[in-house]
Engineer: 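Please find one structure pasted underneath; my questions will follow.
Everything numeric in this text was worked out from a predicted model, so none of it was measured.
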Amino acid sequence: MRPPLLNPLFAPVQSLTGIGPRMAQLLKKCLVLPPGVGEPRVVDLLWHLPTGVIDRRMEPSTSDAVPGTIVTLYVRVLKHKPPPRGNSKAPYKVACEDDAGRLDLVFFRVERAFVERQLPEGEYRYVSGRVERYGETLQMAHPDYIVSPEARDELPLLEPVYGLTAGLSGKIIVKAARQAVDRVADFPEWQDAAWLKARGWPSLKVALQKLHRPDDAQDVSNGGPAWQRLAYDELLAGQLALGLVRQSGKVQRGRSISGDGRVRERVVDALPFSLTTSQRTALAEITDDLAAPHRMLRLLQGDVGSGKTVVALMAMAVAVEAGAQAALMAPTEVLARQHLETIQPLADKAGLSIAVLTGREKGKTRDALLERLASGAIDILIGTHALFQSEVIFHDLAVAVIDEQHRFGVHQRLALQAKGSNGGTNVLVMTATPIPRTLLMTHYGDLDVSKLTEKPAGRKPIVTRKVPLETLEKLIDRIRVQLAEGAQVYWVCPLIETSEVLDLAAAEERHAHLAQSFGADVGLLHGGLSSKEKDDTMAAFSSGALKILVATTVIEVGVNVPNANIMVIEHAERFGLAQLHQLRGRVGRGSRESFCMLLYKSPLGETAEKRLIMMEDTEDGFLIAEKDLELRGGGEMLGARQSGMPGFRVAEVPGFEMLLAAARDDATMILTADPELAGPRGQALRMLLYLFECDDAVRLFRAA
Ligand code: ADP
Ligand code: MG
């Protein structure tokens, strides 16, 4: 059970003054929520750290205010000057003064009642914003803050700047974040006193105060003491959680699972191809792990299209041969259903009973499914993180496969592992992103790695070309020729702004443009569609009814349409190499010659050009990942957005590697001295684990 001291932080954001249902929805868009968390909570606001500050500390008189700067002025409201009737374009002005001179506050398209309420004639107000000179007059257009003398405290002289989304103002977040910080209790210190002193780090509460209500512009920096402290807290929580899992793995010996090979044989018979040597080797490593009396934790790395799914199916088949069950978890619904489609025909031939569970299964269907799962009637369950839900009870889960793990955190893995009876579940994690060693350590601790190094036979190379946007029409002509020969095209429109609305607009515009040439052959897929609409569009593309699929990256393009042989990526220069490589892997799966067109906007910077040339030159995902790091430099290595790497909430800071190494040592020392976290520091550390939502790790104490 989470300590009550933490409850105010895990309450929904709507429990904060100023946040209603509408704001909560907007916050949901702009805060990073852990997978499986549906509604934003106060704690999510705490981890939403500012990207900078606006300095409002300059408080000159009107005669000293420097045009173009942000200032806070103390003025008396003289007179309202509404726009002349019938001229809605003219601004609404409010004349103000202080001892030194005059100032006009200027509002465009504003409600009169609003201005009158904010600025009653004859009263004094603090106004803060950018001042400009307009002829002889000093002006401030749309002040950021207008507060009465009594409420002066509400005006943040150093205002943190937060990442926002359309419709959400910084002011709302500032106000909400302040309340969130006020809810942080004086927790017992879990960090070592000497270490804190040596680093000059404040307590957690002070750190959060400095970040969300800075008194110094320096406070808000991810290299500063406050942020570093939080980063270290997050890393230590992660390392402790891993240590606890490892420790409990030793206590619970796990069990040996080996089958007689009969299900695997039938799967192999059903395959229209033979396994590659890499696939066989990986499979042998997995079956050895399963047969050994310890719990498996293995990472299967293999480039897009290297055939990880079949390996997963074979691993799951071992569980079924041994009379147990298996689960396969994908990061999105589209991918889960795609897996189902691939696996279903093979499973049918092999006599395996499979089912799918996502957020979409509801009511009676879901109940019936859960019942069959609990009775053992289902051999393999495929799904999204709906599988984590506590109502999902397996009869005997022996093998869990997690696809594209980088979207999930350690905690999710723990939750799934905990669903296994008899000493925990064997876990196989699959990823197409070559993950640097340090990150592996962070997220898994020690784990074994299998690699699929060869591509299935019969694959043709994908011809990759960078193409300037100016030659778009020529490209469209070439596509027309290809379409006549039966080709199919993915057309990816990237994130342009951090706003879904604008991204969608770009995709819609491209869709409309292509439809002029290709009519009803062009479909559009984006995150705003319902599951059903997505499925229908996808199915239409799969069946060939649609020839061109325009898609935003918000949706998962990780789908398998072997006939699709052309991938067009717009604004390719904005993508990480790893991401480009992933996208490109969606073509080249069938017998047709395949193309990847990297559309870019000129002029291309030097590094950007090198990156695109790299894509033209090689299809080796591991090489590309290495090169990507080199070109971007180590500092950006952890850019979650770029690389799709595991989600840290605050720990992506300069000095990450050093902090991680320290946290790892620290965790080892702590668990050696106090494996049950029972001592005073141990108790405090349990609080830390709950704060970073490693509840499952804490629960292991009871299991042991
Ligand atoms: P990924 O590693 O990206 O998950 P998939 O498992 O989706 O790759 O496999 C991509 C495609 O390659 C699928 O259509 C699959 O049937 C096919 N495939 C897998 N293994 C082989 C093989 N040994 N020979 C030929 N085709 C294969
Ligand atoms: Mg896959």
Side-chain angles (χ1 to χ4, degrees), residues 17-18 49-81 91-108 110 114-162 164 168-182 202 206-221 224-227:
T17 312
L49 298 176
T51 53
V53 291
I54 297 174
D55 193 338
R56 304 188 181 282
R57 286 174 303 181
M58 294 274 279
E59 298 189 62
S61 64
T62 48
S63 57
D64 294 340
V66 180
T69 63
I70 290 183
V71 295
T72 299
L73 300 172
Y74 186 58
V75 294
R76 193 166 76 92
V77 181
L78 288 178
K79 190 171 165 36
H80 283 237
K81 298 182 277 188
Y92 188 121
K93 295 188 180 179
V94 181
C96 303
E97 66 167 8
D98 65 3
D99 294 343
R102 287 286 198 95
L103 168 79
D104 271 355
L105 300 177
V106 181
F107 300 87
F108 294 91
V110 72
F114 169 81
V115 189
E116 281 173 350
R117 204 168 51 239
Q118 295 278 316
L119 296 159
E121 285 178 8
E123 292 202 13
Y124 286 87
R125 287 291 181 267
Y126 285 97
V127 293
S128 185
R130 192 177 300 278
V131 282
E132 301 291 353
R133 185 157 296 284
Y134 185 74
E136 283 302 290
T137 335
L138 191 67
Q139 288 197 340
M140 185 185 287
H142 293 268
D144 302 325
Y145 286 88
I146 303 174
V147 302
S148 63
E150 308 81 65
R152 149 129 211 181
D153 210 34
E154 283 173 20
L155 200 164
L157 288 178
L158 273 171
E159 182 186 351
V161 179
Y162 294 95
L164 298 173
L168 190 67
S169 79
K171 243 189 265 186
I172 299 271
I173 299 203
V174 168
K175 204 166 154 219
R178 282 179 164 205
Q179 297 174 64
V181 172
D182 289 340
V206 170
L208 285 167
Q209 274 164 350
K210 280 186 177 300
L211 290 161
H212 289 292
R213 342 180 43 139
D215 350 280
D216 187 333
Q218 303 289 320
D219 287 346
V220 180
S221 148
W227 199 314

Engineer: Using side-chain contact (heavy atoms from CB on, under 4.5 Å) as the criterion, list what pairs up with D182, not counting sequence neighbours.
Structural biologist: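 side-chain contact (heavy atoms from CB on, under 4.5 Å) list for D182, sorted by chain: R213.
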Engineer: Quick one: side-chain contact (heavy atoms from CB on, under 4.5 Å) partners of D99, sequence neighbours excluded?
Structural biologist: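 Checked D99 against side-chain contact (heavy atoms from CB on, under 4.5 Å); zero matches.
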Engineer: Who are the side-chain contact (heavy atoms from CB on, under 4.5 Å) partners of K93, not counting sequence neighbours?
Structural biologist: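 So K93 forms a side-chain contact (heavy atoms from CB on, under 4.5 Å) with K81, P91, D104, V106, Y134, Q139.
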Engineer: To the nearest 0.5 Å, how far apart are OH in Y92 and NE2 in H80?
Structural biologist: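 So the gap between those two atoms works out to 5.0 Å.
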Engineer: Please report the closest heavy-atom contact between L155 and S128, naming both atoms and the distance.
Structural biologist: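 Looking at all heavy atoms of both residues, the closest pair is CD2-CB, 4.2 Å.
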Engineer: Please name all residues satisfying ring pair (Phe, Tyr, Trp, His ring centres under 6.0 Å) with Y74, sequence neighbours left out, ordered by chain then number.
Structural biologist: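 Residues passing ring pair (Phe, Tyr, Trp, His ring centres under 6.0 Å) with Y74: Y124, Y126.
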Engineer: For D98, enumerate each residue passing the side-chain hydrogen bond (donor to acceptor under 3.5 Å, both in side chains) test, keeping only those at least two apart in sequence or located in another chain.
Structural biologist: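 Listed in chain order: T62.
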Engineer: With side chains defined as the heavy atoms from C-beta onward, is the minimum distance between P143 and Q118 less than 4.5 Å?
Structural biologist: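 No, their side chains stay 4.5 Å or more apart.
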Engineer: With heavy-atom distances below 4.5 Å as the criterion, would you say the side chains of R125 and P149 are in contact?
Structural biologist: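 Of all side-chain heavy-atom pairs linking P149 with R125, at least one is under 4.5 Å.
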Engineer: Residues two or more places apart in sequence or in another chain: which of them pass side-chain contact (heavy atoms from CB on, under 4.5 Å) with P67?
Structural biologist: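 With neighbours one apart ignored, the set is R133.
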Engineer: Any non-hydrogen side-chain atom of L164 less than 4.5 Å from a side-chain atom of S169?
Structural biologist: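 A side-chain contact is absent here, since even the closest heavy-atom pair is not under 4.5 Å.
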Engineer: Between E123 and S148, is a side chain to side chain donor-acceptor pair (under 3.5 Å) present by the stated rule, with each step listed?
Structural biologist: CA-CA 8 Å; E123 292 202 13; S148 63; over 6 Å; no
Engineer: Under the salt bridge (charged side-chain N to carboxylate O under 4.0 Å, His left out) test, which residues partner E121, sequence neighbours left out?
Structural biologist: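 With neighbours one apart ignored, the set is empty.
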Engineer: Checking S63 now: which residues fulfil side-chain hydrogen bond (donor to acceptor under 3.5 Å, both in side chains) with it, not counting sequence neighbours?
Structural biologist: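 Partners of S63 under the side-chain hydrogen bond (donor to acceptor under 3.5 Å, both in side chains) test: S61.
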Engineer: Rounded at 0.5 Å granularity, tell me how far CG in L158 sits from CD in Q218.
Structural biologist: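 It comes to 10.5 Å.
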Engineer: Considering residues at least two apart in sequence or located in another chain, which fulfil the side-chain hydrogen bond (donor to acceptor under 3.5 Å, both in side chains) criterion with E116?
Structural biologist: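 Checked E116 against side-chain hydrogen bond (donor to acceptor under 3.5 Å, both in side chains); matches are R112.
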Engineer: Which residues pass the side-chain hydrogen bond (donor to acceptor under 3.5 Å, both in side chains) test with D55, not counting sequence neighbours?
Structural biologist: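 Once residues adjacent in sequence are excluded, the partners of D55 under the side-chain hydrogen bond (donor to acceptor under 3.5 Å, both in side chains) criterion are R57.
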Engineer: Do any pairs count as a salt bridge (Lys or Arg N to Asp or Glu O under 4.0 Å) and have a residue in residues 141-156, sequence neighbours left out, and if so which ones?
Structural biologist: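 Listed by first then second residue: R56-D144, E59-R152.
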Engineer: Do V127 and L103 come close enough that some side-chain heavy atom pair is under 4.5 Å?
Structural biologist: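 Contact flag for V127/L103 side chains = yes.
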Engineer: Do L49 and H212 come close enough that some side-chain heavy atom pair is under 4.5 Å?
Structural biologist: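 The answer is yes, as the side chains (C-beta and beyond) meet within the 4.5 Å cut-off.
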Engineer: Okay, side chain of Q179, backbone of T17: is any donor-acceptor separation there less than 3.5 Å?
Structural biologist: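 Yes: the side chain of Q179 pairs with the backbone of T17.
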Engineer: Any pair with a residue in residues 138-159 that passes ring pair (Phe, Tyr, Trp, His ring centres under 6.0 Å), sequence neighbours left out, goes on the list, sorted by first then second residue, please.
Structural biologist: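 Sorted result for residues 138-159: F107-H142.
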